[in-house]
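What follows is a short report on a single structure.
Excluded from the calculations below are hydrogen atoms, water molecules and symmetry mates; all remaining heavy atoms, backbone and side chain alike, are included. No experiment lies behind these values; they were computed from the predicted model shown.
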Amino acid sequence: MNGDYSLAVHALVYLDHRATNLPSQILADNICTNAARVRKAMRPLAAAGLVFTKEGPEGGYALAKPAEAITLRDVAEAAGATFVDVNWTPGDIHEDCLVSSSMGAVMDGIYASLNESCLTQLERITVHDITSWIFNHGDGQKPAAEPAPDGTPTTDTIFTPPTTTPPTTTPPIATPPTTATPPTAA
């Protein structure tokens, strides 16, 4: 995952808070980045129908639908966010060893399942939930009742999305590839 997802969520929450068209420079100032990066991150959100764009001196970005109707899953899918991503997996499907020939597919299935779990959780949280949380609870942190065992102060994240019944099934893990000849146990 790169920072574009967090940037997009930040922009949408700020648009919800301000409830008006905002140019990319004003969004960038609030996000603490540059306007070009904001425009790049907002392009897929506009394509997905999450924001309107308007050019010209009165232009900028505005929410295309109520913030209560935009889930963080919608944002993740529009932004193409992948939460668990690796650039290498072990093994080789052409190896005779069953472990080596299967491990990449097994790990890819695990990563896909983890990503789907993340998206399922994000489906329960809307942009407006975050806006409300910020304005009702500050930074989303509260002091812990007790310091850590070593005496250092601790904080607990207290953002709790609306509760829903969790899914009863988990996504299947990818089936390892089959080979024409049975692999040897190496």
Side-chain angles (χ1 to χ4, degrees), residues 1-55 59-90 104 107-144 152-162 164 171 174:
M1 179 175 77
N2 64 28
D4 288 348
Y5 174 71
S6 295
L7 187 155
V9 172
H10 186 140
L12 293 174
V13 168
Y14 195 57
L15 287 170
D16 180 32
H17 167 61
R18 294 285 301 271
T20 189
N21 276 349
L22 293 176
S24 57
Q25 187 58 56
I26 293 197
L27 288 170
D29 290 345
N30 188 264
I31 297 167
C32 302
T33 191
N34 63 68
R37 186 163 185 216
V38 168
R39 288 189 296 273
K40 179 182 176 240
M42 297 298 277
R43 246 180 251 120
L45 302 184
L50 301 179
V51 295
F52 290 123
T53 61
K54 182 179 174 187
E55 294 186 23
Y61 298 93
L63 296 179
K65 53 187 174 179
E68 296 88 345
I70 302 172
T71 69
L72 296 192
R73 181 183 184 132
D74 297 333
V75 180
E77 289 175 342
T82 301
F83 298 97
V84 180
D85 191 21
V86 296
N87 57 11
W88 180 83
T89 54
M107 296 308 296
D108 286 345
I110 290 169
Y111 300 143
S113 182
L114 289 169
N115 276 309
E116 185 56 38
S117 293
C118 288
L119 291 172
T120 298
Q121 290 288 22
L122 293 174
E123 198 170 290
R124 300 171 43 215
I125 305 168
T126 68
V127 168
H128 191 71
D129 289 336
I130 294 175
T131 306
S132 295
W133 186 257
I134 289 169
F135 286 95
N136 291 321
H137 299 285
D139 65 1
Q141 303 287 315
K142 69 174 182 178
T152 59
T154 61
T155 58
D156 295 324
T157 300
I158 55 175
F159 182 82
T160 306
T164 59

> Under the side-chain contact (heavy atoms from CB on, under 4.5 Å) criterion, do Leu15 and Val51 qualify, and how do the steps go?
Replying inline: CA-CA 9 Å; Leu15 287 170; Val51 295; 4.2 Å; yes
>> Quick one, Tyr61 with Thr53, criterion side-chain contact (heavy atoms from CB on, under 4.5 Å). Give me CA distance, side-chain angles, the key distance, then yes/no.
In response: CA-CA 5 Å; Tyr61 298 93; Thr53 61; 3.4 Å; yes
>> Test side-chain contact (heavy atoms from CB on, under 4.5 Å) on Asn30 and Arg18; report intermediate values, then the result.
In response: CA-CA 11 Å; Asn30 188 264; Arg18 294 285 301 271; over 6 Å; no
> When you look at Leu122 and Thr120, which way does the side-chain contact (heavy atoms from CB on, under 4.5 Å) test go after all the steps?
Replying inline: CA-CA 5 Å; Leu122 293 174; Thr120 298; over 6 Å; no
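Using a 30° and 60° split on the angle between ring planes, Tyr14 and His17 fall in the tilted class, from 30° to 60°. Ring geometry for Phe83 versus Tyr5: interplanar angle over 60°, hence perpendicular rather than tilted (30 to 60°).
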Give the table of side-chain donor-acceptor pairs shorter than 3.5 Å for residues 66-77, with sequence neighbours excluded, one pair per line with atom names and distance.
{"residue": "Thr71", "atom": "OG1", "partner": "Arg73", "partner atom": "N", "Å": "3.4"}
{"residue": "Thr71", "atom": "OG1", "partner": "Asp74", "partner atom": "N", "Å": "3.0"}
{"residue": "Thr71", "atom": "OG1", "partner": "Asp74", "partner atom": "OD1", "Å": "3.3"}
{"residue": "Thr71", "atom": "OG1", "partner": "Asp74", "partner atom": "OD2", "Å": "3.2"}
{"residue": "Arg73", "atom": "NE", "partner": "Glu77", "partner atom": "OE2", "Å": "2.8"}
{"residue": "Arg73", "atom": "NH1", "partner": "Glu116", "partner atom": "OE2", "Å": "3.2"}
{"residue": "Arg73", "atom": "NH1", "partner": "Glu123", "partner atom": "OE1", "Å": "3.1"}
{"residue": "Arg73", "atom": "NH2", "partner": "Glu77", "partner atom": "OE2", "Å": "3.3"}
{"residue": "Arg73", "atom": "NH2", "partner": "Glu116", "partner atom": "OE2", "Å": "3.3"}
{"residue": "Asp74", "atom": "OD2", "partner": "Thr71", "partner atom": "N", "Å": "2.9"}

Validation: residues 32-45 side-chain donor-acceptor distances under 3.5 Å, sequence neighbours left out:
{"residue": "Asn34", "atom": "OD1", "partner": "Ala36", "partner atom": "N", "Å": "3.2"}
{"residue": "Asn34", "atom": "OD1", "partner": "Arg37", "partner atom": "N", "Å": "2.7"}
{"residue": "Arg39", "atom": "NH1", "partner": "Ser24", "partner atom": "OG", "Å": "3.0"}

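Between His128 and Ser132, the side chains place a donor N or O and an acceptor N or O closer than 3.5 Å (distance only, hydrogens not considered). Counted by atom type alone, Asp16 and Thr131 present one or more donor-acceptor pairs between their side chains at under 3.5 Å. Asp129 and Thr126 are linked by a side-chain donor-acceptor pair at a separation below 3.5 angstrom, with hydrogens and angles left out of the test.
The CZ atom of Phe52 sits 10.0 Å away from the CG atom of Asn21 when rounded to the nearest 0.5 Å. Taken from CG in Leu63 to CG in Leu50, the straight-line distance is 9.0 Å, to the nearest 0.5 Å.
In this structure the side chain of Ile130 never reaches within 4.5 angstrom of the side chain of Val127, judged on heavy atoms.
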